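Computed from a prediction, not measured in an experiment: that's the story for all the values here.
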Amino acid sequence: MSLSAAKKRDILICCIAALLILCAMAARILGSPEGAPGLGSMIRNGIYMGLTAAWGVSVQRRIIQAQTRRYLIAIALLMLLWLTERAIKYEFNLSAASARRLWYSYYIPILLIPLITVFTAMSLGRPENYKLPGWTRLLYIPTFAFMAMVLTNDRHQLVFAFPADAEIWTGGNAAHSIGYFAVVAWTAVCAAGTIIVMIEKCRRPKSRIQWLPILPVALSFVYTALYVSEVKWLRLIAGDMTVFQCLAIMAALEGCIRCGLIQSNTGYDELFGSTTIGAQITDHRFRVKSASYSALPISLERMEQALEGPVQLDKNTLLKGQEISSGYVFWQEDISELQGVLDQLQTVQDELRDTGDVLKAEAEQRSYWLKITEENRLYDMVERQTQRQVALLRKLLSRLRATEDTEEARRLLGHIVVIGTYVKRRSNLMFVERQTGTLEAAELSLCLNESAAGLGLCNIKCTVRADMEGLLPAEWGNMIYDFFEAAVEMSLTSLTSLLFYAGEREGTVTAKAALCCHEDMGALCCEFPNVIIEKDEDGIQYLTLSIPKEGGE
């Protein structure tokens, strides 16, 4: 099976990154292993800082969840700060005091990066609008306390102690004090917390264990142990602690993205390619950018014709086209079933002509025509009932095609789902009414719950309850659902929460709604004269609709 273009691109990016890292390692081995200034050192710093910056830019483009995206960008910026501080310290001829203070400032990213990785791990697998609980802010207290202790070390020497007779204080003659071990312990606690949370996320029910994000963290611990042990071959090949830790952090977080623990907007090419619909997306020059595996090759002439109207590619395939924001989309419809019906009708016509059974054929034709007529009548009823919602859908779709703002598009899609749910469910209620004249209370509950779920996509809190059982007159169910939809449509632009109740008591059906919105719901009285509207001091509007047992408004 051949690799997709997206996978080939990912492999190419990984190969380029690996080649750049090898070049940086070669520059270290061929140059000064102690990090002395020189061309090789500048090349290494440029490579590692460039890789970090490129990863941060890719995170900005790929990550869906806003909070996780901010955390990952913050980690990338802190790693750039760490690499920049290290480069300045070794590339420039600084005074001992300046070099020491720059050395202390290493601990700003050293302390913040593990803390932010804990926050990132806690955000894994959460919804797009998820926010961390408030108690997590308490973790900033020890982090900033340790940071202040390191930066003010010259005053108290609780982190690094220098000999009393030393003329110059440097890292070479410094000894570790109790504060240093406290800092190391805190970073280890954060790292361990990150690993524990990652393992818990990876071992969720119905999902296989993903070790890809955990391996770089484990290698980081192994590397640190070998580095502290002063293994000579490690110091020669990969003796830069800062660089290795930054690469390990990036690898672990990238592993979370690849495993799907961090939601990203990648993989759409594979999803589009696997669809059963034969479809292609092109730019404005009709160059194919993405296509499903079942799509047939289409000539430029056929594409241009499809934009003006449906084009029949062969006996069983119809090509249609539509302009989108950055090009065109073409899809192929299978009309083999319809063609089969036409062929069957032709065969029947031939048989009737041959056998002379005209009267039987006319009866069948009449029965078929009556069936089609009845279906058309029902569809006309559906169209009349939902014409306002259909017009609204067209308006929303037009605005969706025109907008380029992601948040606006997401909001419009939520509104489209809400309106489309009503159109689907209301049409189903009409068909049920035509067949039985009654309605199951459970069917009404399904309609209300599905509409409530659609409102949830718009970040609107909605709770519905239908306190009815058994069979209901269809008029009751239709009026309750129409009342619910009318209230939603009228307040949709500012609605934040909705509580809806429908129940039967003493021969009267009552529908009640409590809405938190800015719109004046008084206009509902035009459509539902029996509705009673009240508003409290908090701006919450209460709507009550009573339906007598015999039905009617």
Side-chain angles (χ1 to χ4, degrees), residues 4-6 265 268-347 349 368-369 371-373 375-406 408-424 427:
S4 65
N265 58 355
Y268 293 141
D269 289 340
E270 290 81 358
L271 178 62
F272 185 75
S274 60
T275 181
T276 57
I277 301 175
Q280 296 179 351
I281 298 176
T282 71
D283 58 16
H284 284 104
R285 297 183 178 180
F286 298 98
R287 292 177 297 191
V288 177
K289 296 300 181 181
S290 185
S292 62
Y293 302 140
S294 58
L296 299 175
I298 307 173
S299 65
L300 175 60
E301 181 181 0
R302 290 291 183 88
M303 290 183 180
E304 293 175 344
Q305 294 174 355
L307 293 176
E308 299 177 357
V311 177
Q312 190 161 358
L313 297 179
D314 53 39
K315 183 180 180 181
N316 298 322
T317 307
L318 198 66
L319 176 66
K320 295 183 178 180
Q322 178 66 46
E323 184 176 4
I324 55 179
S325 59
S326 58
Y328 306 100
V329 59
F330 299 94
W331 67 96
Q332 299 154 16
E333 292 186 2
D334 184 5
I335 58 173
S336 57
E337 185 175 354
L338 178 60
Q339 188 64 44
V341 172
L342 293 176
D343 293 342
Q344 184 178 3
L345 290 175
Q346 183 64 42
T347 302
Q349 184 179 359
Y368 179 77
W369 175 255
K371 179 181 178 182
I372 296 297
T373 302
E375 290 178 353
N376 288 336
R377 190 183 69 84
L378 288 175
Y379 288 135
D380 290 339
M381 291 174 56
V382 170
E383 183 179 7
R384 286 194 300 271
Q385 177 65 36
T386 61
Q387 60 182 351
R388 184 181 64 190
Q389 286 75 24
V390 172
L392 182 56
L393 283 175
R394 290 174 179 169
K395 182 179 178 181
L396 291 173
L397 288 170
S398 178
R399 292 171 57 189
L400 179 61
R401 295 190 189 100
T403 186
E404 295 181 358
D405 182 72
T406 304
E408 177 66 10
R410 187 176 289 110
R411 185 183 69 84
L412 291 173
L413 282 174
H415 291 181
I416 289 171
V417 170
V418 172
I419 305 302
T421 300
Y422 171 77
V423 172
K424 181 189 73 172
S427 302

Run the salt-bridge test on Arg399 and Glu408 with the 4.0 Å N-O cut-off and return the result as yes or no.
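Looking at Arg399 and Glu408, the cut-off is met.
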Working note: Gln280 + Leu319, criterion side chain to side chain contact (heavy atoms under 4.5 Å, CB included); need CA distance, chi angles, decisive distance, verdict.
CA-CA 11 Å; Gln280 296 179 351; Leu319 176 66; over 6 Å; no
In Å, rounded to the nearest 0.5 Å, how long is the span from [atom1] of [X] to [atom2] of [Y]?
{"X": "Ile416", "Y": "Thr421", "atom1": "CD1", "atom2": "OG1", "answer": "11.5 Å"}
{"X": "Arg410", "Y": "Thr403", "atom1": "CZ", "atom2": "OG1", "answer": "11.5 Å"}
{"X": "Leu400", "Y": "Lys395", "atom1": "CG", "atom2": "NZ", "answer": "14.5 Å"}
{"X": "Leu397", "Y": "Ile419", "atom1": "CG", "atom2": "CD1", "answer": "11.0 Å"}

Once ring pair (Phe, Tyr, Trp, His ring centres under 6.0 Å) is applied, do any residues pair with Phe286, and if so which ones, sequence neighbours excluded?
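In terms of ring pair (Phe, Tyr, Trp, His ring centres under 6.0 Å), with neighbours along the sequence ignored, Phe286 is linked to Tyr328.
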Which pair of heavy atoms, one from His415 and one from Leu396, lies closest together, and at what distance?
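Taking His415 first and Leu396 second, the nearest heavy atoms are CB-CD1, 3.8 Å.
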Side-chain (Ser398) to main-chain (Arg394) donor-acceptor, under 3.5 angstrom:
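No; zero donor-acceptor contacts below 3.5 Å.
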